[in-house]
Amino acid sequence: MTSTPNLYPVHLTPEQRASFEDITRNGQAPAKKIRHAQVLLMSARDRPGGKMTGPEVAAALGMHINTVARIRKRFALEGEQPALERRPRRTPPVPPKVDGRVEAHLIALCTGPPPEGRVRWTMKLLAGELVRREVVDAISDETVRLALKKNNGPAKG
């Protein structure tokens, strides 16, 4: 495997080196953060044993070369913290079922009279009614419960 030229060299200050070494030694950080610190320590130009190439770092840590390159790039362009921490998601993997519109329908249902032959609304009845009225395609009674709990809703059951 040939090594591509390193476009993002890693230059560590003594403070950064000490911080990264502390992260790798104390065992209190998440595993991913420890591995990222190890990549940066191994990639540093002023490393005591000499700088390691991308493939050497990848082989030593059992990572893909692209992961090593991505960590180096984030360190060079964004700094220490972005290179060590996970990037937060911009949006959740699944959008929430209960938004403001569904919540308004749900609260209106709860405050209205229960279905014929019932004394009160149950979570299953509320979920079924939201589907019947085509407010949502499908919703579980637990999702309804959590939405009402968030609002300290009047429904119990």
Side-chain angles (χ1 to χ4, degrees), residues 1-110 122-124 126-127 130-131 135-157:
M1 181 180 297
T2 61
S3 176
T4 58
N6 185 5
L7 301 176
Y8 303 100
V10 176
H11 301 285
L12 297 180
T13 65
E15 295 81 25
Q16 288 173 324
R17 175 173 294 287
S19 171
F20 294 162
E21 286 173 350
D22 185 49
I23 289 169
T24 60
R25 287 190 186 129
N26 70 15
Q28 298 298 311
K32 191 164 268 196
K33 187 174 185 175
I34 293 170
R35 298 201 9 130
H36 285 210
Q38 288 172 333
V39 166
L40 294 172
L41 284 169
M42 290 179 174
S43 301
R45 291 222 176 261
D46 60 344
R47 182 174 172 266
K51 170 183 107 57
M52 294 174 74
T53 65
E56 289 172 342
V57 173
L61 297 175
M63 310 178 126
H64 196 275
I65 295 172
N66 294 351
T67 305
V68 172
R70 210 170 18 255
I71 294 167
R72 287 174 168 179
K73 181 178 179 178
R74 283 186 76 188
F75 179 76
L77 299 180
E78 300 175 36
E80 182 177 334
Q81 283 313 112
L84 293 178
E85 303 292 333
R86 295 185 68 159
R87 184 175 292 159
R89 282 182 187 246
R90 292 188 190 145
T91 58
V94 178
K97 281 235 184 202
V98 180
D99 57 7
R101 182 184 68 82
V102 174
E103 215 169 86
H105 280 280
L106 180 58
I107 292 170
L109 269 176
C110 290
T122 64
M123 299 301 143
K124 285 188 181 190
L126 289 167
L130 287 172
V131 172
V135 177
V136 291
D137 294 334
I139 192 167
S140 72
D141 52 326
E142 177 63 7
T143 304
V144 169
R145 185 189 72 79
L146 291 174
L148 290 173
K149 180 179 179 186
K150 182 183 103 178
N151 289 313
N152 291 330
K156 300 200 186 332

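What you see is a predicted model, and the numbers here were worked out from it, not measured in a lab. The basis for the numbers below is simple: all heavy atoms, side chains too, and nothing from hydrogens, waters or symmetry mates.
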(message) One pair to check against side-chain contact (heavy atoms from CB on, under 4.5 Å): Ile139 and Val98. What are the steps and the verdict?
(response) CA-CA 9 Å; Ile139 192 167; Val98 180; 3.8 Å; yes
(request) Would you check, one step at a time, whether the test side-chain contact (heavy atoms from CB on, under 4.5 Å) holds for Val39 with Leu61? (result) CA-CA 8 Å; Val39 166; Leu61 297 175; 3.5 Å; yes
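Between the CG atom in Leu130 and the NZ atom in Lys97 there is a gap of 11.0 Å [rounded to 0.5 Å]. To the nearest 0.5 angstrom, Glu21 atom CD is 4.5 Å from Arg25 atom CZ. Atom CG of Leu7 sits about 9.0 Å away from atom NZ of Lys73, to the nearest 0.5 Å. One distance of note links CD1 of Ile34 with CD of Gln28; it measures 8.5 Å at 0.5 Å rounding. One finds the OG1 atom of Thr24 at 12.0 Å from the NZ atom of Lys33 (value rounded to the nearest 0.5 Å).
Counting heavy atoms from C-beta outward, Leu84 and Phe20 have side chains that approach closer than 4.5 Å. Residues His64 and Val68 are not in side-chain contact: their nearest non-hydrogen atoms beyond the backbone lie 4.5 Å or more apart. For the pair Ile65 and Thr67, the minimum side-chain heavy-atom distance is 4.5 Å or more. Taking 4.5 Å as the limit, every side-chain heavy atom of Met63 sits out of range of all side-chain heavy atoms of Val57. In this structure, the side chains of Val10 and Arg45 stay at 4.5 Å or more apart for every pair of heavy atoms. Annotation: side chain of Met123 is in contact with side chain of Leu148 (closest heavy-atom distance under 4.5 Å). Proximity of Val136 to His105: side-chain heavy atoms (C-beta onward) are nowhere separated by under 4.5 Å. Residues Asp141 and Leu126 fail the side-chain proximity criterion, which asks for heavy atoms closer than 4.5 Å.
Judged by distance alone, with hydrogens and angles left aside, the side-chain atoms of Glu85 form no donor-acceptor pair with the main-chain N or O of Pro82 at under 3.5 Å. Judged by distance alone, the side chain of Gln16 and the main-chain N or O of Thr13 form a donor-acceptor pair under 3.5 Å. Using a distance-only test at 3.5 Å, with no hydrogens or angles considered, no donor-acceptor pair links the side chain of Arg72 to the main chain of Ser43. Without hydrogens or angle criteria, Asp99 side chain to Val102 main chain gives a donor-acceptor distance under 3.5 Å.
Between Asp46 and Arg17, at least one side-chain nitrogen of the basic residue sits less than 4.0 Å from a carboxylate oxygen of the acidic one, meeting the salt-bridge criterion. Contact check on Glu103 versus Lys150 returns a salt bridge, with a Lys/Arg side-chain nitrogen under 4.0 Å from an Asp/Glu carboxylate oxygen.
Counting heavy-atom neighbours within 6.0 Å of Arg101 CZ, excluding the residue itself, gives a total above 12. Counting heavy atoms of neighbouring residues, nucleotides and ligands inside a 6.0 Å radius, atom CG of Asn66 exceeds 12 of them.
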